> 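Structure below; questions to follow.
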Protein chains: 2
Amino acid sequence: MARAGLDTDEVVRAGARLADVEGLEALTLARLAGDLGVRAPSLYAHVSGLDDLRRRIGVRGALELAGELQTAAAGRAGADALDAVARAYRDYARAHPGSYEALQRAPDPRDARAGAAATRVVDVVRAVLRGYGLDGDDATHATRAIRSALHGFVSLERGGGFGLPLALDESYAELVDVLDRGLAAASSGRPRRAGPAPRARPRRTTPRPKP
Amino acid sequence: MARAGLDTDEVVRAGARLADVEGLEALTLARLAGDLGVRAPSLYAHVSGLDDLRRRIGVRGALELAGELQTAAAGRAGADALDAVARAYRDYARAHPGSYEALQRAPDPRDARAGAAATRVVDVVRAVLRGYGLDGDDATHATRAIRSALHGFVSLERGGGFGLPLALDESYAELVDVLDRGLAAASSGRPRRAGPAPRARPRRTTPRPKP
DNA sequence: GAATCTATCTAATAGGATTAGGTATGTCAA
DNA sequence: TTGACATACCTAATCCTATTAGATAGATTC
């Protein structure tokens, strides 16, 4: 038999592609082996099982996503950066639904690379928040808020949770605006419960295309 | 053989309990049948398969969740109502993780009850937004924003996506504050991009316990 | 060319979903 | 009381999946 010449990277890459095209549920070792022209047990030479494969797809996805976010954020600040990162986030989740779902699972605490990949995503978001004057605990809370909002939207959208997909682009833009306003208010000095938002803060610099 | 006396409701209830205690992944017909003192094929008399069971658990969960949210919102308005609903939402997801996950899947378009259950949840959120003066399209976008944020937080929290579970209660409170501020600004009249938030809007009426 | 490494194979086990078809329990009417 | 019927439950069987064990053959190295 001619060898297929696989290695772990190739298997993970093919697994990610399959998951992205047919959904993470459709990713089975039997199916993936078929796609690769190999019998299912052969995959165990490269991956230690289905769970391991899913985790590796997740790590790969997290690194990819972090790269996209980093590119989007480069050279931008404040609301502009938030907007760009939010778009890149949603774009990635829609282009790679299987990888995105895999990346959403808790990283294996024993796998340093998994933790590092997750950290890279968080770090990009955290960097954006410097433009809002947030640091320390405030930045942690704000990072969690942004991640929650973006992930929640993307997750509901993918699952069909919004019913008719009417004006989803606009809804997403509004969500990002709500975050922007809320975070700007949070950073405008304590006590931050009663004061009006600052007036002259620069807003989005590039006009948003109408959906 | 003595009959177990099952019916569909009993099977779904037991399935939801199993999913809540051991996770939706642990819900198998074989396991559930064992719990009910019955063989796996017997469940097909009450449920048309594993997928159907999951969907029914989801519908049941959506109705339960809608009830909790409705109770939380009763007699409150504005930021107070938003806060109460947000807490109830998170409480439900933590108390019933399996049902929550099941409810998150897209409802079967052919099942009227599934659609109605999903609608009930959305309606409670939408009702809260009346206290923010939002209606029509604005209310739709705002509803989606709130659902995204709450679901995203709860989903990341459950999946261990926040790393160390440090100060999660506080982060959640801050997230709700960000929503409140952002929505209040959205409702304060158009053009809504530049104006300061209204000053005298009533804030949360009950002090939030420190985490 | 021999030795080694390893990617792949076949064979086998185990567990899950699901279908087909039989059995016995409960209900209801005569 | 007895018969008929509906149905809750069963066993047996099929198919698919993950996974392990052990053999083989292609590639690499000395």
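Being a predicted model, the structure only gives us computed values, none of them experimental. Letters go in sequence order (proteins before strands), and every chain restarts at 1.
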> Output the rounded distance in Å from CG (A:L6) to C1' (D:dG26).
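Between C1' of D:dG26 and CG of A:L6: 14 Å.
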> Below 3.5 Å, can you tabulate the donor-acceptor pairs from side chains in residues 62-69 of chain B to any protein atom, sequence neighbours excluded?
{"unit_1": "B:E64", "atom_1": "OE1", "unit_2": "B:Y92", "atom_2": "OH", "d": "2.6"}
{"unit_1": "B:E64", "atom_1": "OE2", "unit_2": "B:R60", "atom_2": "NH2", "d": "3.3"}

> Find the distance B:L29:CG to C:dT19:P and express it as a whole number of Å.
11 Å
> Looking at D:dT7, I'd like to know if its phosphate oxygens (OP1 or OP2) sit under 4.0 Å from a side-chain N or O belonging to B:H46.
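For D:dT7, neither OP1 nor OP2 has a side-chain N or O of B:H46 closer than 4.0 Å.
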> Regarding A:Y100 and A:Y89, do their side chains bring together a donor and an acceptor under 3.5 Å, going by distance alone?
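Note: A:Y100 and A:Y89 side chains meet the donor-acceptor criterion.
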> Between atom CG in B:L27 and atom C1' in C:dG16, what is the gap in whole Å?
12 Å
> Among residues 19-26 of chain B, which ones have heavy-atom contacts with DNA chain D below 4.0 Å?
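Residues of residues 19-26 of chain B that come under 4.0 Å of DNA chain D do not exist, since none gets that close.
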> Categorize A:A45 for me: base, sugar-phosphate, or nothing, with a 4.0 angstrom heavy-atom threshold over every strand shown.
base
> Nearest of D:dA18, C:dT8, C:dA17 to any side-chain atom of B:L50?
C:dA17
> Please work out if A:T28 contacts a base, only the sugar-phosphate, or nothing of the nucleic acid, heavy-atom cut-off 4.0 Å.
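Sugar-phosphate, no base atom in range.
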> Atom CZ of A:R31 and atom P of D:dT19: how far apart are they, to the nearest Å?
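Taking CZ of A:R31 and P of D:dT19, I get 18 Å after rounding.
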> How close or far is atom C1' of C:dA11 from atom OH of A:Y44, stated in whole angstroms?
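It is 15 Å, rounded to the nearest whole Å.
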> List the atom of B:G61, the atom of B:S99, and the distance in Å for their closest heavy-atom pair.
CA-CB, 4.4 Å
> Specify the separation, in whole Å, of atom CG of A:L43 and atom P of D:dT20.
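In whole Å, D:dT20 P and A:L43 CG are 13 Å from each other.
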> Tell me: CZ of B:R39 to P of C:dA20, nearest whole Å?
21 Å
> Test B:R158 against B:R94 for side chain to side chain contact (heavy atoms under 4.5 Å, CB included), laying out the working first.
CA-CA 8 Å; B:R158 182 169 47 83; B:R94 294 206 286 190; over 6 Å; no
> Starting from P on D:dT20, measure out to CG on A:D52 and report it in whole angstrom.
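Atom-to-atom, A:D52 to D:dT20, this comes out as 12 Å.
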> Considering only side-chain heavy atoms of B:P41, which listed nucleotide, C:dT19, C:dA17, D:dT19, is closest?
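For B:P41, the side-chain atoms sit closest to C:dT19.
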> Side chain of A:D20, backbone of A:G98: donor and acceptor closer than 3.5 Å?
yes
> Report yes if a side-chain nitrogen or oxygen of A:S42 is closer than 4.0 Å to either non-bridging phosphate oxygen (OP1 or OP2) of C:dC9; otherwise report no.
yes
> Hey, are the side chains of A:L129 and A:I146 touching, using non-hydrogen atoms and a 4.5 Å cut-off?
yes
> Decide whether a cation-pi geometry holds between A:R144 and B:F153; the criteria are a distance under 6.0 Å from NZ or CZ to the six-membered ring centre and an angle within 45° of the ring axis.
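Ring-cation test returns no.
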